[in-house]
Colleague: 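One structure coming up, written as structure tokens, with questions to follow.
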Amino acid sequence: MAGIYIHIPFCKQKCSYCDFHFSTTYAEYRDRMIQAIISEIHIRANHLEDRLLETIYFGGGTPSLLSSEELQFILDTIKSNFKVVKDAEITLEANPDDINDESLETWKANGINRLSIGLQSFREKDLKWMNRAHTVEESLNCVALAQAHGFDNLTVDLIYGLPDLSMQEWENHVQKVIEMNVPHISAYCLTVEPKTALNSWVKKGIIKTGSEDDQSDQFIRLLDIMEENGYVQYEISNYCKVNFHSKHNSNYWKGEWYLGIGPSAHSYNGSERTWNIANNQTYMNNLENEIEFFETETLSEIDKFNETILIGLRTITGVNLKNLNEEYRSSNEFIMNCERFQSKAWMLRIGDTLTLTKEGKLRADYIASELFLVQD
């Protein structure tokens, strides 16, 4: 099985915390970009080597800005170039302000069967400093509206560690989503990324993000609330009811092949990673002039070892030691570090599988980095 990710680099306005690749001044080249995406699909038709396509994911940017005709054009092109399974999971990222009766009917007609909605916060002041285009009222209404149109497979995004966000307020945010009967929640800690407005504000003291202790406490409380309400944490930031996991993202974590289409999109074929040019004009020009538009990296055995550690420790399946290079996993340093983390009750080993405890999940990146092999 395999998946396709389509990066749509269009946004109404720039969110202050976001460092994804997008543009708010795309109107004059919108048609060119859609055509470039179509061209790339044709050019890379053999990338998946006849593997069945199980998932299609429209991300961005804001793919909910696409018209019905643009969405259908892209989907039809994918289906004419790849073998798509009949019940493929087709996800569209959508902002609350783009969700209405007309758009929902359109997406249904296009074949979209899963929505990923960026709620982020239920505090109006957060949405304002984030420069989000939607309001709390739209957040509260859009989920019920989507469900009324038959979109039962929904996920919403929430952010914790926000400025002056109390534990009670964070609990209220999580409970609101649970009360909405949303079967999948993605919750991320606010990260201050370079070259964002948020980074500038933090440096100037205009905004103070939540402390590390607050972030840790809110994360642990989230785990407890999710477990109490029947949600499974199948990846550090992702929680779902039974059978509502993201098939597309799960395939990333399982190491399945995927193709990324659009500026800045990444692809993987088991041995190589490629990433497209993260510049809209250059991406379009290169495709129009049949010039290479992506870079390629061939993964070494050490790269594969480290990625298996990094991804596995973030997921419910953990790291299966049998899937690691035997020579590397048998090194004294690797064994000693695993034993060190087990003694701290940050890591569990059951049979040949390593997983993280709640306390370990707070330190997932650190633990992974300590287990990494360093290229000589």
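Remember, it's a predicted structure, so these values are computed and weren't measured experimentally. Residue numbers count from 1 along this sequence.
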Colleague: Heavy-atom distance under 4.5 Å between the side chains of Cys338 and Arg349, does that happen here?
Modeller: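 A side-chain contact under 4.5 Å is absent here.
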
Colleague: Ring centres of Tyr252 and Tyr258 under 6.0 Å apart?
Modeller: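 Yes; Tyr258 has its ring centre under 6.0 Å from that of Tyr252.
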
Colleague: Quick one: are Val85 and Met1 in side-chain contact, heavy atoms under 4.5 Å?
Modeller: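 Answer yes - side chains close enough.
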
Colleague: So if I apply the ring-ring contact (aromatic ring centres under 6.0 Å, His included) rule between Phe334 and each of Phe305, Phe341, Phe372, which one comes out positive?
Modeller: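 Among the candidates, only Phe305 passes.
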
Colleague: Would you call Glu256-Arg51 a salt bridge at under 4.0 Å N-O?
Modeller: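 So Glu256 does not pair with Arg51 through a salt bridge.
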
Colleague: Out of curiosity, does Ile74 fall in the hydrophobic cluster containing Val84 (side-chain heavy atoms, cut-off under 4.5 Å, transitive links)?
Modeller: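 Yes, it is one cluster - the side chains of Val84 and Ile74 are joined through contacts under 4.5 Å.
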
Colleague: If you compare all heavy atoms of Leu158 against all heavy atoms of Ile185, which two are closest, and at what distance to 0.1 Å?
Modeller: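 The pair with the smallest heavy-atom distance is CD1-CG2, 4.4 Å.
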
Colleague: Which residue, Leu53, Asp50, Leu52, Asn46, forms the side chain to side chain contact (heavy atoms under 4.5 Å, CB included) with Phe82?
Modeller: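 Only match with Phe82 under side chain to side chain contact (heavy atoms under 4.5 Å, CB included): Leu53.
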
Colleague: Are His149 and Asp101 linked by a side-chain donor-acceptor pair shorter than 3.5 Å?
Modeller: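 The criterion, which ignores hydrogens and geometry beyond distance, is satisfied for Asp101 and His149.
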
Colleague: Could you tell me whether the side chains of Glu89 and Tyr57 share a donor-acceptor contact shorter than 3.5 Å?
Modeller: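 Tyr57 and Glu89 do not have a side-chain donor-acceptor pair below 3.5 Å.
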
Colleague: Assess whether a salt bridge exists between Glu307 and Arg273, defined as any Lys/Arg side-chain N lying under 4.0 Å from an Asp/Glu carboxylate O.
Modeller: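 Looking at Glu307 and Arg273, the cut-off is met.
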
Colleague: Between Ile178 and Ile225, is there a side-chain heavy-atom distance shorter than 4.5 Å?
Modeller: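 Ile225 reaches Ile178 side chain to side chain.
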
Colleague: Would you call Glu227 and Leu223 a side-chain contact if the rule is heavy atoms closer than 4.5 Å?
Modeller: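 A side-chain contact is absent here, since even the closest heavy-atom pair is not under 4.5 Å.
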
Colleague: Kindly indicate, with the supporting measurements, whether the criterion side chain to side chain contact (heavy atoms under 4.5 Å, CB included) is fulfilled by Asp303 and Glu297.
Modeller: CA-CA 10 Å; Asp303 291 332; Glu297 174 191 22; 4.0 Å; yes

Colleague: What's the spacing between Tyr17 OH and Thr191 OG1 if we round to 0.5 Å?
Modeller: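 These two atoms lie 11.0 Å from each other.
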
Colleague: Counting only N and O atoms by type, is there a donor-acceptor contact under 3.5 Å from the side chain of Asp19 to the main-chain atoms of Glu193?
Modeller: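 No, Asp19 side chain to Glu193 backbone: no donor-acceptor pair under 3.5 Å.
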
Colleague: Do Val232 and Val156 land in one hydrophobic cluster if side-chain heavy atoms of ILVMFWY residues count as linked below 4.5 Å?
Modeller: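 Different clusters: Val232 never reaches Val156 through Ile, Leu, Val, Met, Phe, Trp or Tyr contacts under 4.5 Å.
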
Colleague: Could you tell me whether the side chain of Ser64 reaches within less than 4.5 Å of the side chain of Trp107, counting heavy atoms only?
Modeller: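 They are in contact (side-chain heavy atoms under 4.5 Å apart), so the answer is yes.
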
Colleague: Answer with yes or no whether the side chains of Glu54 and Asn251 bring together a donor and an acceptor at under 3.5 Å.
Modeller: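 Short answer, yes.
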
Colleague: Looking at Asp97 and Arg132, does any basic side-chain N land under 4.0 Å from a carboxylate oxygen?
Modeller: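 Looking at Arg132 together with Asp97, the answer is no, because their closest N to O distance does not fall below 4.0 Å.
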
Colleague: How close do Ala187 and Leu222 get, heavy atom to heavy atom, and via which atoms?
Modeller: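 The pair with the smallest heavy-atom distance is CB-CD2, 3.4 Å.
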
Colleague: Indicate whether the side chain of Asn199 and that of Thr196 have a donor and an acceptor atom separated by less than 3.5 Å.
Modeller: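 Absent: no donor and acceptor within the cut-off.
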
Colleague: Evaluate side-chain hydrogen bond (donor to acceptor under 3.5 Å, both in side chains) for Ser67 paired with Arg30, printing each intermediate quantity in order.
Modeller: CA-CA 11 Å; Ser67 68; Arg30 178 176 183 141; 5.0 Å; no

Colleague: Salt-bridge test for Asp98 and Lys12: reply yes if a basic N is under 4.0 Å from a carboxylate O, no otherwise.
Modeller: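 Here Asp98 pairs with Lys12 in a salt bridge, since their nearest N and O are under 4.0 Å apart.
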
Colleague: Counting only N and O atoms by type, is there a donor-acceptor contact under 3.5 Å from the side chain of Gln120 to the main-chain atoms of Ile159?
Modeller: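 Absent.
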
Colleague: Are Leu287 and Met284 connected in a single hydrophobic cluster, I mean Ile/Leu/Val/Met/Phe/Trp/Tyr linked by side-chain heavy atoms less than 4.5 Å apart?
Modeller: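 Same cluster.
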
Colleague: Under 3.5 Å, is there a donor-acceptor pair linking the side chains of Thr282 and Asn285?
Modeller: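 Per modelled atom types, Thr282 and Asn285 side chains form no pair under 3.5 Å.
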
Colleague: Less than 4.0 angstrom from a charged side-chain N to a carboxylate O is my criterion; do Arg329 and Asp352 meet it?
Modeller: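 Judged by the 4.0 Å cut-off on N to carboxylate O distance, Arg329 and Asp352 do not form a salt bridge.
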
Colleague: Is the shortest heavy-atom distance from the side chain of His42 to the side chain of Ile38 under 4.5 Å?
Modeller: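 In short, these two side chains touch, coming nearer than 4.5 Å.
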
Colleague: Within the side chain of Thr353, is there an N or O that forms a donor-acceptor pair under 3.5 Å with the backbone of Gly318?
Modeller: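 A pair under 3.5 Å: no.
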
Colleague: Check for a donor-acceptor pair, side chain of Gln215 on one end and backbone N or O of Gly210 on the other, with a separation under 3.5 Å.
Modeller: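 Side chain of Gln215 to backbone of Gly210, a donor-acceptor pair under 3.5 Å: yes, one is there.
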
Colleague: Between Tyr234 and Trp253, does the ring centroid distance fall short of 6.0 Å?
Modeller: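 Aromatic pair counts; centres sit under 6.0 Å.
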
Colleague: Determine, using the 4.5 Å side-chain heavy-atom cutoff (strictly less than), whether Ile261 and Ile43 are members of one ILVMFWY cluster.
Modeller: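 In one cluster with Ile261: Ile43, yes.
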
Colleague: Going by atom types alone, do Asn172 and Gln168 pair a side-chain donor with an acceptor below 3.5 Å?
Modeller: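 Yes.
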
Colleague: Where do Phe294 and Thr296 come nearest, in terms of heavy atoms and distance?
Modeller: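 Nearest pair, atom of Phe294 first, then Thr296: CE1-OG1, 3.5 Å.
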
Colleague: Do Gln281 and Tyr29 have side-chain N/O donor and acceptor atoms under 3.5 Å apart?
Modeller: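 No, because no side-chain N or O of Gln281 sits under 3.5 Å from a partner of the opposite role on Tyr29.
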
Colleague: Can you tell me how the ring of Trp170 sits relative to the ring of His173, calling it parallel under 30°, perpendicular over 60° and tilted otherwise?
Modeller: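 Trp170 vs His173 ring planes: perpendicular.
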
Colleague: Side chains of Asp213 and Ser216: do they bring a donor and an acceptor to under 3.5 Å?
Modeller: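 Looking only at side-chain atoms, Ser216 and Asp213 do not form any donor-acceptor pair under 3.5 Å.
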
Colleague: Ignoring hydrogens, what is the shortest heavy-atom contact between Tyr26 and Ser23? Give both atom names and the distance.
Modeller: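 So the minimum-distance heavy-atom pair works out to CD2-O, 3.3 Å.
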
Colleague: Please assess Glu124 against Lys128 for the test salt bridge (Lys or Arg N to Asp or Glu O under 4.0 Å), listing each intermediate value before the final yes or no.
Modeller: CA-CA 6 Å; Glu124 207 70 63; Lys128 288 180 179 177; over 6 Å; no

Colleague: Quick check: closest heavy atoms across Ile8 and Ile37, and the distance to 0.1 Å?
Modeller: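 Closest approach of Ile8 to Ile37, heavy atoms only: CD1-CD1, 3.9 Å.
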
Colleague: Would you call Lys358 and Phe219 a side-chain contact if the rule is heavy atoms closer than 4.5 Å?
Modeller: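 No, their side chains stay 4.5 Å or more apart.
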
Colleague: Quick one: does NZ or CZ of Arg221 land under 6.0 Å from the six-membered ring centre of Tyr160, within 45 degrees of the ring axis?
Modeller: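 Geometry flag: not set, cation outside 6.0 Å or 45°.
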
Colleague: If we ignore angles and hydrogens, is there a donor and acceptor under 3.5 Å between the side chains of His134 and Ser139?
Modeller: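 Yes, side-chain donor-acceptor contact under 3.5 Å.
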
Colleague: Do Leu310 and Asp365 have side chains that get closer than 4.5 Å, going by heavy atoms?
Modeller: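 Yes - at least one pair of side-chain heavy atoms lies under 4.5 Å apart.
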
Colleague: Is a salt bridge present between Lys344 and Glu359, judged by a nitrogen-to-oxygen distance below 4.0 Å?
Modeller: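 Here Lys344 does not pair with Glu359 in a salt bridge, since their nearest N and O are not under 4.0 Å apart.
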
